[in-house]
Protein chains: 2
Amino acid sequence: MGGTGKAPKYQKVFDALQREIQSGRVKAGDRLPSEAELERTFGASRITVGRAVRDLQLAGLVERRAGSGSYVKARNVSEALSFGLLIPDLGETEIFEPICQGMMASPPARQLALLWSPARRP
Amino acid sequence: MGGTGKAPKYQKVFDALQREIQSGRVKAGDRLPSEAELERTFGASRITVGRAVRDLQLAGLVERRAGSGSYVKARNVSEALSFGLLIPDLGETEIFEPICQGMMASPPARQLALLWSPARRP
DNA sequence: GAACATTTGTACGTATGTATT
DNA sequence: AAATACATACGTACAAATGTT
């Protein structure tokens, strides 16, 4: 019933950090714990932690700076929205869920997505 | 001049496979060489090859099936386009470039993207 | 500026598990 | 059952960028 009971470890780390960010407990601009710290916190290796943090980066939730750390990005849609993108046939939707959640904060975006969603074979 | 001269190895593998796919030399449904073969071809480790192929998967260019192999996905936008997505403030645009290229094949998508692009602070 | 510690980036080797053939 | 191929995960090493002393 746990939900994340059987999930791979990198995904548990990803989910945990994502919750920290989206719950607002770590705010935009805050630095995440170093990957060495995350290793100890989650009992995971560098590879596992690194993959989780990289996935957060790909999702646009954090920014990694070599020599400095990983920082939570500003997700204020009103300020950050720079362009629209149409993605054909995503295979790995997992990473894009956080993006969708951020997107939902923008009513115009939701409207546009709904407009486009049923369009097929244009 | 080289272009890919100083790029990391995983990116060279990614680029090489991407060219194979988008040039049409490997068609939709074709199976890529196994990762063990790619290791030999590029003189790279499993981790490096795996990252390149996973990035291709995240970009929606290939599908990985455990026990079987990695297959080139159908990128016919007319058939594959399932929904639109608006991505605020991408940090790692590299992976999304192949998606954009596929998107450009659809005139309605291009029109919609242009419509939305200049919209800020909705 | 220089030296040093910290932190992320890339890369290798290896082991084990799971799915497919 | 067995071989193949991807999936996850560990440990390690060195490079590059950054921050501090």
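Letters A, B, ... mirror the listed sequences (proteins, then strands); counts begin at 1.
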Note to self: Can you tell whether the side chains of B:Asp55 and A:Arg54 come within less than 4.0 Å, N to carboxylate O?
What the structure shows: yes

Checklist line | Interatomic distance where CD belongs to B:Glu39 and C1' belongs to D:dA7 [whole Å] | finding: 14 Å

Notebook entry, point to check: Does a donor on one side chain and an acceptor on the other come within less than 3.5 Å for A:Arg51 and A:Tyr10?
Noted result: yes

Next item on the list: Would you kindly give the CG-to-P distance between B:Leu38 and D:dC6, to the nearest whole Å?
Entry: 8 Å

Next item on the list: Provide the Watson-Crick or G-U wobble partner of C:dA15, both distances under 3.5 Å; none if there is no partner.
Entry: D:dT8

Item checked: Atom pair distance, as rounded to whole Å: CD in A:Glu35 and P in C:dA5 -> 21 Å

Check: With A:Val62, which residues qualify under side chain to side chain contact (heavy atoms under 4.5 Å, CB included), at least two apart?
Finding: A:Ile21, A:Leu32, A:Val53, A:Leu56, A:Gln57

Check: A:Tyr71 ring centre to A:Arg64 NZ or CZ under 6.0 Å, with the angle to the axis within 45°?
Finding: no

Note to self: Suppose we screen for side chain to side chain contact (heavy atoms under 4.5 Å, CB included). Which residues come up paired with B:Glu20, at least two apart in sequence or across chains?
What the structure shows: B:Arg25, B:Val26

Checklist line | Protein-nucleotide distance (B:Arg64, atom CZ; C:dT20, atom P), rounded to Å | finding: 15 Å

Margin query: Side-chain N or O of A:Ser70 versus OP1/OP2 of C:dT7: is the shortest distance under 4.0 Å?
Written below: no

Next item on the list: Ignoring backbone atoms, establish whether A:Lys9 has a side-chain N or O less than 4.0 Å from OP1 or OP2 of D:dA7.
Entry: no

Check: What is the distance, rounded to the nearest whole Å, between atom CG of B:Asp55 and atom C1' of C:dT10?
Finding: 13 Å

Margin query: How many whole angstroms separate atom CD1 of B:Ile47 from atom P of D:dT8?
Written below: 13 Å

Check: Under 4.0 Å: is that the gap between some side-chain N or O of B:Ser34 and OP1 or OP2 of D:dT4?
Finding: no

Check: Taking all atoms of both residues into account, what is the closest heavy-atom pair of B:Glu35 and B:Ser70, and its distance?
Finding: OE2-OG, 4.5 Å

Margin query: Whole angstroms only, please: what is the CZ-C1' distance between B:Phe42 and C:dA11?
Written below: 16 Å

Check: Which atom pair, heavy atoms only, marks the closest approach of B:Val13 to B:Ala52?
Finding: CG1-CB, 3.6 Å

Next item on the list: Assign a letter to each nucleotide of nucleotides 15-21 of chain D from its 5' end: B, base within under 4.0 Å of a protein heavy atom; S, sugar-phosphate only; -, no contact.
Entry: --BB---

Checklist line | Short side-chain N/O contact to D:dC10 OP1/OP2 from A:Arg46, under 4.0 Å | finding: no

Margin query: Just the rounded figure in Å: distance from C1' of D:dC6 to CZ of B:Arg51.
Written below: 18 Å

